[in-house]
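In what follows, a single structure is set out as structure tokens and then discussed.
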Amino acid sequence: MSTAAPPPTPRQRLDALPSAPLGAWPTPLQRLERFTAATGPAEGTEVWIKRDDVQGVALAGNKVRKFELVLGQALADGYDTLVTTGAAQSNSARAGAASAAAVGMGCVLLLSGHPPPQPTANLLLDRLLGAEIRFAGDASWSELNRGVDELVAELARAGRKALAAPVGCSSPLGALGFARAFLELDAQLTAAGVDPSAIVHTTTSGGTHAGLLVGRALTGRSVRLIGVDAAAMFPRAGDALAGLAHDAATLIGLDLDLRPDDIEVISTQLGARYGAHTRAANDAISVLARTEAIIADPIYSGKGLAGLIELVSSGSLAGPVVFWHTGGYHALFEPGHGTPVADGSR
Ligand SMILES: Cc1ncc(COP(=O)(O)O)c(C=O)c1O
């Protein structure tokens, strides 16, 4: 009598997803002794950093993990072009352009704002990487996402098979890139004998946070995941993240029903709006640079780092704590950010 093989576990299904080989994994996990001392935390606090600012493809960042899965599936399904979107200086759009170039696919970017006289920072890289760029003017995040769908239809009429990736590549499949990332960190923590009380990272479109929630559920590790909001993209971040984590988990057969209250997002570092510089982020960037020679940026990772300093120096977090550096230092080289307007503000 033959017995049927057991169905694959969620973790096996995650491992079996098609993946484009883009990054150099694992990214380093480092202890930040001098930075910890400089932030004046409670006795026993130790800040560690997970360096997604260091990777294999075109200046890195958290989006590469998402594009590995999205483009892995796209290649398996015979797509020839990636269409994605974001602010004029979007890290995600630049990572999309880089990822598409790295696997030989075309890339069309829909960016908010208007063409500048001279492309700089991420926009300069988008051009170098061969992306075709369309400007959407003063568009909101949801208008950008709708514009991507229209572009896909336009390209289909021209005979191209184009795949849409939303703002931040935060589709359920993209988010699973951060479920894999959690497993990567989990193994590093185990090897280093470190059991952090929290992982702190910047959050905007939610794929990073949602994926980490899925990864945490897969390992059963008990660690707080704290997103530092840098965009106020959602009216209720808890609902949006719980929904995205649920949809991502469902793709690998995991039933993950989080309550919005289970999700920790702090909004104290946003400043005036997405893209606005803050004193706290600028100070955080300079402390990290001077103590550890690691570079963060004023729009994303600097705000996340400022959130970590706020939590550690107020005594809200103690023991080992991991800051997930999601990359994005390119914004340091661009004074204006070409930001989308808030949904519903017009
Ligand atoms: C450098 C950097 N960090 C963090 C984030 C936020 O990640 P997510 O969109 O997955 O919330 C982004 C998004 O663009 C980013 O570019």
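Atoms within each ligand, like the ligands themselves, are counted from 1 in listed order. The structure presented is a predicted model; accordingly, all values stated were derived computationally and were not measured. Numbers here simply count residues along the sequence, with the first being 1.
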Which of the numbered atoms in ligand 1 are under 4.0 angstrom from any heavy atom belonging to [X]?
{"X": "Thr208", "result": "7 (O), 8 (P), 10 (O)"}
{"X": "Lys66", "result": "8 (P), 9 (O), 10 (O)"}
{"X": "Gly327", "result": "1 (C)"}
{"X": "Thr203", "result": "11 (O)"}
{"X": "Asn91", "result": "1 (C), 15 (C), 16 (O)"}
{"X": "Gly328", "result": "1 (C)"}

Identify the protein heavy atom lying closest to [atom], giving its residue, its atom name and the separation to 0.1 Å.
{"atom": "atom 9 (O) of ligand 1", "result": "Ser205 OG, 2.5 Å"}
{"atom": "atom 4 (C) of ligand 1", "result": "Thr326 OG1, 3.2 Å"}
{"atom": "atom 14 (O) of ligand 1", "result": "Lys63 CE, 3.0 Å"}

Any N or O on [X] sitting closer than 3.5 Å to an N or O of ligand 1?
{"X": "Asp297", "value": "no"}
{"X": "Ser301", "value": "no"}
{"X": "Gly206", "value": "yes"}

Report the part of [X] (side chain from C-beta onward, or backbone N, CA, C, O) that has a heavy atom under 4.0 Å from ligand 1; answer both or neither where that applies.
{"X": "His201", "result": "neither"}
{"X": "Asn62", "result": "side chain"}
{"X": "His209", "result": "neither"}

Expected output: side-chain [X] to main-chain [Y] donor-acceptor under 3.5 Å:
{"X": "Ser170", "Y": "Gly207", "result": "yes"}
{"X": "Gln89", "Y": "Thr120", "result": "yes"}
{"X": "Thr84", "Y": "Ala93", "result": "no"}

Return the [atom1] to [atom2] distance between [X] and [Y], rounded to the nearest 0.5 Å.
{"X": "Ile266", "Y": "Leu311", "atom1": "CD1", "atom2": "CG", "result": "4.5 Å"}
{"X": "Phe178", "Y": "Leu213", "atom1": "CZ", "atom2": "CG", "result": "12.5 Å"}
{"X": "Glu292", "Y": "Arg31", "atom1": "CD", "atom2": "CZ", "result": "10.5 Å"}
{"X": "Leu14", "Y": "Leu251", "atom1": "CG", "atom2": "CG", "result": "10.0 Å"}

Q.
I want to confirm something. Looking only at heavy atoms, which of Thr202, Thr204, Asp52 is nearest to atom 11 (O) of ligand 1?
A.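 Residue with the shortest heavy-atom distance to the ligand atom: Thr204.
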Q) Is it true that Arg146 and Asp149 make a salt bridge, defined as a side-chain N closer than 4.0 Å to a carboxylate O? A)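 Looking at Arg146 and Asp149, the cut-off is not met.
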Q | CZ (Arg11) with more than 12 external heavy atoms under 6.0 Å | A |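 Not more than 12 within 6.0 Å, no.
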Q: Taking the six-membered ring of Phe182 (Phe, Tyr or Trp), confirm whether the NZ or CZ of Arg216 is under 6.0 Å from its centre and within 45° of its axis.
A: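 Because its charged atom misses either the 6.0 Å distance or the 45° angle limit, Arg216 does not stack over Phe182.
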